[in-house]
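Predicted model only: the values in this text are computed from it and were never measured. A, B, ... follow the sequence lines: proteins, then strands. Residue 1 opens every chain.
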Amino acid sequence: MVWLPNMIVVALLAGAFILFRTVRRNRFWTESIARLWRRRRFSLIIIGLYLAVALLDTISWVGGSASENASDVVAAHKPRSVIDRIFQPDSFMEISYSEPFADVGFYGEQPLAHPGKHILGTDILGQDVFYRSLKGVKIALLIGGLTTLIVIPIALIFGLAAGYFGGRVDDVVFFVMSTLASIPNLLLLIALIIVLGTGPVQVCVALGVTGWVGFCRLTRGETLKLREADYVQAAKALGASHLRIITRHIIPNLAHLIVITFALQFTGLVLAETVLAYLGIGLDGSWGQMIDQARNELSRSPVIWWNLAGATVLLFTLVLCVNLCADALRDILDPRTRKEAQ
Amino acid sequence: MNATRRWCGLLATSVACLLVAACSNNPYPSEEQNEKIQYAAFSEAPRTLDPATAYTTSAHVITANVYDTLLEYHYLNRPYELIPGLAEALPEVEQLLDGRTVFTFRLRDGIMFQRDASFSLNDNDTDSRKVTAHDFAFQFARLADPAVNSPVFENFASITGFRAFRDLISERRQADEAFAALRIDQQYEALGGVPGIIVLNELELEIVLDQQDLQMLYWFAIPFTTPVPWEAVVYWDGEEGRERFADHPVGTGPYTLSVYDKQFRYVLERNPMWYGAMYPEWQAPGAVFPTDITQEDVEARRVNPEYAGRALPFLDRIEYRRERESIPHFNKLLQGYYDSGGVINESFDAVIDGDRLSPAMVEMGMALDQVVSPSVFYIGFNMDDPTIGRTAGEPGRLLRQAMSLVVDVEQYLEIFSNGRGVPAQSPIPPGLFGYDDAYSNTFRQVDIDRAKDLMVQAGFPGGTDPATNEPLKLTFDTGNTTAQAQLRYKYFVTAWRRLGIDVEIAATTYNKFQEKVRTGAYQIFQWGWVADYPDPENFLFLLESGSARSATGGPNTANFSNPDYDALFAQMSDRPSDDERLRLINEMIALLERERPWIELYHLEDYILRHEWVLNAKPMGLSYPVYKYRDIDAELRSESRETWNQPVRWPLYAIILLMVAATVPAIRTLYRERQ
């Protein structure tokens with residue numbers, strides 16, 4: 001399965017290329033993206049950097065030269081990503097805590113193996129905090145991205161079906177939505193993760209199962225409105241099939257909602273993983289886990305802040321940038337605000 | 001109208017400021033400040049207080065003070081020494097020719113149970129009654145009763161007919177509905193009780209063992225063998241609004257449980273029916289402060305010599321409050337709202353300076369006790385596992401030896417516990433017979449080159465499994481999913497990765513982990529053991545095949561089974577602590593060193609901080625805290641609390657000022673706009 005992450009990278013890059021080409025052909029989307037770039041240039045660059053780090057942490061292969069003083073023999077047999085190869089974590093470590101750019105250990109003041117080289121210091125096990133923080137990027141993007149890709153299709157199918165067909169279908173979908181909404185989200189999440197396990201895919205599935213209701217309700221409402229629109233009625237009168245009406249006339253009008261929901265859902269999910277990690281069911285290596293491991297360190301005397309700071313700053317920056325972009329996207333894509341702007 | 005409003009607003013603000021300024025951080029009612037109350041904290045609520053099943057430190061805090069025992073430990077003497085408790089004297093021990101052992105106890109005449117509503121079940125309408133030998137026999141029958149499910153059943157299995165009684169009562173309950181419907185004490189009586197527990201008369205009790213078992217004496221100092229009134233078990237049945245017996249202890253001890261809100265608070269109060277309080281003229285060893293006080297204890301402020309010979313107890317009340325987090329607990333200790341407590345990792349450097357208290361702590365009048373508790377923490381290998389266990393033969397042994405050689409426990413303690421703990425070389429902790437300070441386990445000294453050689457000899461050169469040509473994969477199973485615990489496990493895993501062994505941490509819920517242990521689906525685990533009683537047998541039995549988890553459900557979770565070890569254990573366990581016993585113990589330790597079913601990690605070392613006003617607080621080490629010897633200088637505590645907790649009001653005034661400064665321009669703007 002060494003090839004799987006690399007195949008995912010190839011698939012993602014190919015998908016991005018196809019999307020890029022599709023968008024370029026469409027004037028509305030080209031203009032929208034241009035407007036977004038003008039309004040949120042800095043945030044987009046930051047998101048781009050995060051994506052680059054995540055891709056570099058996904059491209060991996062076995063072999064290649066390990067550092068000479070590597071203490072981890074197993075690592076040489078495992079696929080290592082570009083980030084792993086840059087940082088060489090099996091040798092670029094200390095015995096325990098050290099402050100950012102320190103020359104000696106935090107306790108005992110023993111000289112460090114890599115004096116002045118740990119940008120964000122080291123944690124209790126002597127691991128470089130900057131490296132650990134960067135490793136969290138991939139997990140955050142995976143959680144946010146994959147779960148949103150689970151949430152949106154489920155919500156879209158159910159919302160469209162309920163809104164377009166109405167009647168029994170609407171009753172059933174609404175019943176399922178109401179049932180799910182009446183179960184405390186966190187409890188359901190914990191139960192699902194205990195049943196499914198704590199792997200990345202399992203956590204994404206659990207978050208997806210519990211997170212689609214809000215968007216589904218929105219989609220249903222919009223569809224209810226759209227199905228009464230003149231152009232939909234006209235299509236019906238001309239004998240267009242349901243599938244054609246949904247794909248050609250309704251979904252395109254929901255596109256702005258999908259894009260905005262993707263962005264907003266993404267940040268909510270990244271933060272949700274942090275809560276799960278705090279409850280002991282998060283993902284190994286995530287920012288949530290780093291924050292949980294470091295929660296008592298702020299109470300230490302002298303205080304150890306860098307472990308928490310590394311994860312928190314990266315998490316905060318990502319969430320802020322995505323939220324800023326989502327906010328701008330809403331203004332750009334929402335027909336009402338677009339009309340007002342015009 | 002506007003002027004009235006302004007004045008009302010000003011008045012309300014002033015009252016609010018005064019109320020806030022008058023607030024104190026004292027969590028206790030002010031009228032308690034001069035009372036002899038000890039304040040302590042607990043983090044985990046006990047699951048049960050039934051003395052037949054309670055087996056955790058959190059439960060012992062209550063049961064050890066509510067339930068008295070036949071024997072108890074001398075408060076000051078070390079090594080531990082048994083003294084009479086409810087018994088008039090230590091028992092007469094008779095060795096019969098057929099190999100059986102007989103203990104004969106004589107009870108003190110006049111011991112009463114605490115006042116309790118359950119005694120209204122008796123014909124005479126009373127709230128207490130005298131303790132008799134029958135109450136002990138009743139409790140022994142409960143220990144054998146499968147419905148009670150005592151965790152120490154196996155430890156009492158050497159009592160004549162103990163096992164047979166369990167089988168008999170189980171069969172009768174299934175076969176005879178009328179019998180099963182009888183009251184519990186009547187059921188025991190109908191079967192004649194446990195055959196080896198013989199009530200000679202109201203005050204004399206004979207306990208017959210099938211074999212010589214000198215360690216049994218220690219069990220008579222543990223609440224498992226306390227007298228239990230049948231009335232309490234029957235009455236407190238959880239029906240019709242009554243509590244369960246597991247939440248309502250009824251004993252003979254110096255304290256009674258008066259409040260039991262197990263999620264938040266529990267309170268122990270002086271028992272007026274305790275024999276020490278009712279009959280001070282007895283001068284019973286367990287009811288007066290010992291007179292043989294050492295100079296060392298006096299100098300360390302552990303004991304006040306003025307208390308010698310005085311009647312116990314000294315505290316009127318012990319109040320426990322729940323503190324889920326260690327940091328607020330420690331802060332309250334520093335504020336004087338708890339009387340003693342451990343030193344948390346987060347504040348270790350602020351509290352400890354080298355091996356002593358920091359000057360700030362000394363100035364506060366704090367004292368520090370460092371106690372190595374009779375405990376051992378270890379990493380165990382499942383010896384039933386085909387890769388790493390017994391069936392793997394010589395390669396398996398070499399693999400375990402190699403893994404043992406790379407775990408640097410000194411560094412582990414330094415990183416995770418500020419160096420607190422004694423690196424373990426064998427299962428026996430310091431202070432117990434058989435512990436040798438000079439002994440150095442050859443597989444517990446870090447030697448990576450030797451470990452790598454052993455890996456080659458085991459057939460895993462560089463950690464590579466020849467079957468897969470990949471790093472050897474093993475699993476470290478745990479029931480602890482917290483991030484802090486994961487860091488500790490990761491430390492071990494990192495050490496083994498140096499040998500090329502790929503150990504995966506399988507962290508699941510505790511129930512799932514227990515399930516794995518039950519089904520034998522585990523390879524490596526970490527566990528600990530705190531002594532029930534201060535004897536090496538209580539540690540070495542953890543590796544005896546008769547206690548194997550897979551075969552008997554016993555505490556030998558490593559499932560270690562070695563005929564030589566078992567034979568040595570059989571010889572050692574029922575011997576007095578003489579040279580021959582020491583030789584046997586050394587042979588067993590040498591065998592464990594070679595076989596490596598465990599990687600011994602450390603013996604727990606507690607750092608206990610206590611305030612100047614806590615008197616006679618010599619740590620017991622064992623998990624049974626005894627509060628009857630302690631005292632509190634309540635006046636000194638009250639003064640110290642007042643000095644240390646002066647309210648700091650300036651932030652409040654600063655905030656008010658800031659709010660006013662921020663509001664005034666807004667109000668001015670509003671007025672201007674209105675005009």
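Atom NZ of B/Lys516 is surrounded by more than 12 heavy atoms from other residues, nucleotides or ligands within 6.0 Å. Within 6.0 Å of CZ in B/Arg498 there are 12 or fewer heavy atoms belonging to other residues, nucleotides or ligands. By the neighbour-count criterion of 12 heavy atoms within 6.0 Å, atom CD of B/Glu515 is densely surrounded, having more than that number from other residues, nucleotides or ligands.
Of the atoms belonging to B/Gln411, it is side-chain heavy atoms, and not backbone ones, that fall under 4.5 Å from chain A. With a 4.5 angstrom heavy-atom cutoff, B/Asn345 touches chain A via backbone and side-chain atoms both. Interface remark: B/Ile501 contributes backbone atoms only to the contact with chain A (heavy atom separation under 4.5 Å). Neither the backbone nor the side chain of B/Thr508 comes within less than 4.5 Å of any heavy atom of chain A. In this structure, no portion of A/Leu298 lies under 4.5 Å from any heavy atom of chain B.
Heavy-atom minimum distance, A/Asp292 versus B/Ala483: OD2-CB, 3.1 Å. Nearest heavy-atom pair across B/Gly462 and A/Val73 is O-CG1, 3.7 Å. A/Val74 and B/Gly500 get closest at one heavy-atom pair: CG2-C, 3.4 Å. The two atoms that bring B/Gln484 and A/Gln293 nearest to each other are NE2-O, 3.3 Å, heavy atoms only.
With rounding to the nearest 0.5 angstrom, the CG atom of B/Leu487 is 7.5 Å from the CD atom of A/Gln289. Here the NZ atom belonging to A/Lys78 is positioned 3.5 Å from the CG atom belonging to B/Asp502, to the nearest 0.5 angstrom. Separation of atoms CD1 (A/Ile124) and NZ (B/Lys490) is listed at 12.0 Å; rounding is to 0.5 Å. Remark: B/Thr494 OG1 to A/Met93 CE distance equals 6.0 Å, nearest 0.5 Å. Here the straight-line distance linking atom CG of A/Asp284 with atom CD of B/Gln486 works out to 7.5 Å at 0.5 Å rounding. With rounding to the nearest 0.5 Å, the separation of OG1 in B/Thr481 from CD1 in A/Ile194 is 8.5 Å.
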Candidate pair B/Phe416 and A/Leu125, rule side-chain contact (heavy atoms from CB on, under 4.5 Å), full reasoning: CA-CA 9 Å; B/Phe416 292 104; A/Leu125 291 176; 3.7 Å; yes
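The pair B/Arg497-A/Asp90 does not meet the salt-bridge criterion, since no charged nitrogen lies less than 4.0 angstrom from a carboxylate oxygen.
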